[in-house]
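Reviewing the structure listed below.
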2 protein chains.
Amino acid sequence: MDAGTPKFRRRKADRPEEIVSAALAVFAEKGFAAAKLDDIARRAGVSKGAVYLYFETKEDVFRAVVERAILPNLSVVKAMAAAHPGPLADLLRGLAGHIAGVVETTPIGGVLKMVVGEARNFPELARVWHDELIVHALGAMAEAIRNAQARGEVKLGDPRTFALQLISPLLVGVLWRETFVPVGAQPFDLPALMRQHIDTLLGGMLTEGARA
Amino acid sequence: MDAGTPKFRRRKADRPEEIVSAALAVFAEKGFAAAKLDDIARRAGVSKGAVYLYFETKEDVFRAVVERAILPNLSVVKAMAAAHPGPLADLLRGLAGHIAGVVETTPIGGVLKMVVGEARNFPELARVWHDELIVHALGAMAEAIRNAQARGEVKLGDPRTFALQLISPLLVGVLWRETFVPVGAQPFDLPALMRQHIDTLLGGMLTEGARA
DNA sequence: AACTAATAACTGACCAGTCAGTTAGTAACA
DNA sequence: TGTTACTAACTGACTGGTCAGTTATTAGTT
């Protein structure tokens, strides 16, 4: 062949990472079943056969994608777990800003959509996400809320439910962006949404005058 | 053949309904691509060929399922559109109870999961849901909130964002039930969740003492 | 009532296309 | 030159969609 441009490079160390990145893009766009291994391979700059040098099956690739999407977020969980002692309001505002930023700059939204969409076909995947990420995140938030309740900062009520109330608009905002914005829906500004949400949830939605 | 047990019955009028019901169950469980037409047909008590007497393609069946899931909810939208003039708190409490009930007694949760999961592969489906259901529901809520703001009941802030804040926990609760409860997650009591959420969002999460 | 003809709802075997996974062989690098 | 990362052609299983034939049902005739 042409000696000037080799047909391929041997780069064993980098391939898995590249394949997982390509797979993330394709899976997030198409979902598991509709994603073709040929597309993933082409996007990663290798042949389909090469994918099978590094992964056993398509499921195996999918698993790698979903699990990798957890890692960058463990730091967030850890930060939350660092049991911020100050006023809950400060913690929540900082946290919401941080998470909204992560959500806007990483493809975690696409992964979330995948986990929701493929949960029945890959229960163990939903289990990994639940056990390794969600339980910890929700638990840390609930713990912080419980502490705030003990300090008399926060009213009575189920802390886990409070935690869900706090993050729900962000999750819905992400799914909204992934699902409806591509078909013409008016997008939400996620950081602004979370700012208003935290303020409202903390301070109350009704004015003083109308409050029961 | 055996004259006692006929091989099939001719029931043209009932078939489409039965096929759509069967398809709803299979699609909600497997997602679009993983759902086999043979399964849908068997579940509906007919052969695969019979499905094609009533629907053009698999996509066509899917469309019918998703569109039918909109109808029962138009009444809810209408009820909201009946621009409740009284205090916003009453409207929201009644509405939340109603919607939580609908969500608990109908398979709309499964359909929502499908719409989210297959949005990329079926954009026109996401469009239908957005244009015919979500825009109206969100718009009606935003309108009620805007009116309440005009009456001085509610603080300043984007009404559409307020509406999203209000319904988000319900949506997340549904997706939670569909995605994580089957793999062992602790479920949420949706009506209770919404009661606490409405109360909190309306009245404020912080105690009087801690309020900024 | 009983028999027959006509209709259309329905079946199930089949086909054509697709795609996950395999492997024989080639090219890159030591 | 030997080793192996990699390619590209291949296979086999699976499934959406088709259609020739079958059977339930109704209408017509005696």
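By convention in this document, chain letters (A, B, ...) are assigned in the order of the sequence lines, proteins followed by strands, and residues within each chain are numbered from 1.
With hydrogens and angles left out, the side chain of B:R10 and the base of D:dA24 share a donor-acceptor pair within 3.5 Å.
The CZ atom of A:R11 sits 12 Å away from the C1' atom of D:dA5 (whole-angstrom rounding). Here the P atom of nucleotide D:dT7 and the CD1 atom of A:I40 are 15 Å apart, to the nearest Å. One atom, OH of A:Y54, and another, P of D:dT4, lie 13 Å apart when rounded to the nearest Å. Between the CZ atom of A:F55 and the C1' atom of C:dT22 there is a distance of 18 Å, given to the nearest Å. Rounded to a whole Å, the CG atom of A:L53 is 13 Å from the P atom of D:dT4. Atom CZ in A:R15 sits about 13 Å away from atom P in C:dA28, given to the nearest Å.
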Letter per nucleotide, 5' to 3', of nucleotides 11-20 of chain D [B base touched, S only sugar-phosphate touched, - untouched; heavy atoms, 4.0 Å]: ----SBBB--
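The residues A:D39 and A:K30 are annotated as not salt-bridged, no charged nitrogen and carboxylate oxygen being separated by less than 4.0 angstrom. Between B:E143 and B:R146 there is a salt bridge, since at least one side-chain N of the basic residue sits less than 4.0 Å from a carboxylate O of the acidic one.
Residues passing the side-chain hydrogen bond (donor to acceptor under 3.5 Å, both in side chains) test with A:R11, sequence neighbours excluded: A:E18. Here B:Y52 pairs with nothing under the ring-ring contact (aromatic ring centres under 6.0 Å, His included) rule; sequence neighbours left out.
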What verdict does the salt bridge (charged side-chain N to carboxylate O under 4.0 Å, His left out) test give for A:E59 and A:R63, after you've listed the backbone C-alpha separation in whole Å, the side-chain angles of each residue and the deciding distance to 0.1 Å? CA-CA 6 Å; A:E59 249 190 75; A:R63 231 185 301 277; 3.5 Å; yes
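B:R160 forms a cation-pi arrangement with A:F188, by the criterion of a distance under 6.0 Å to the ring centre and an angle within 45° of the ring axis.
Both A:R9 and B:S47 lie near DNA chain C, and the one whose nearest nucleotide falls closer to the 5' end is B:S47.
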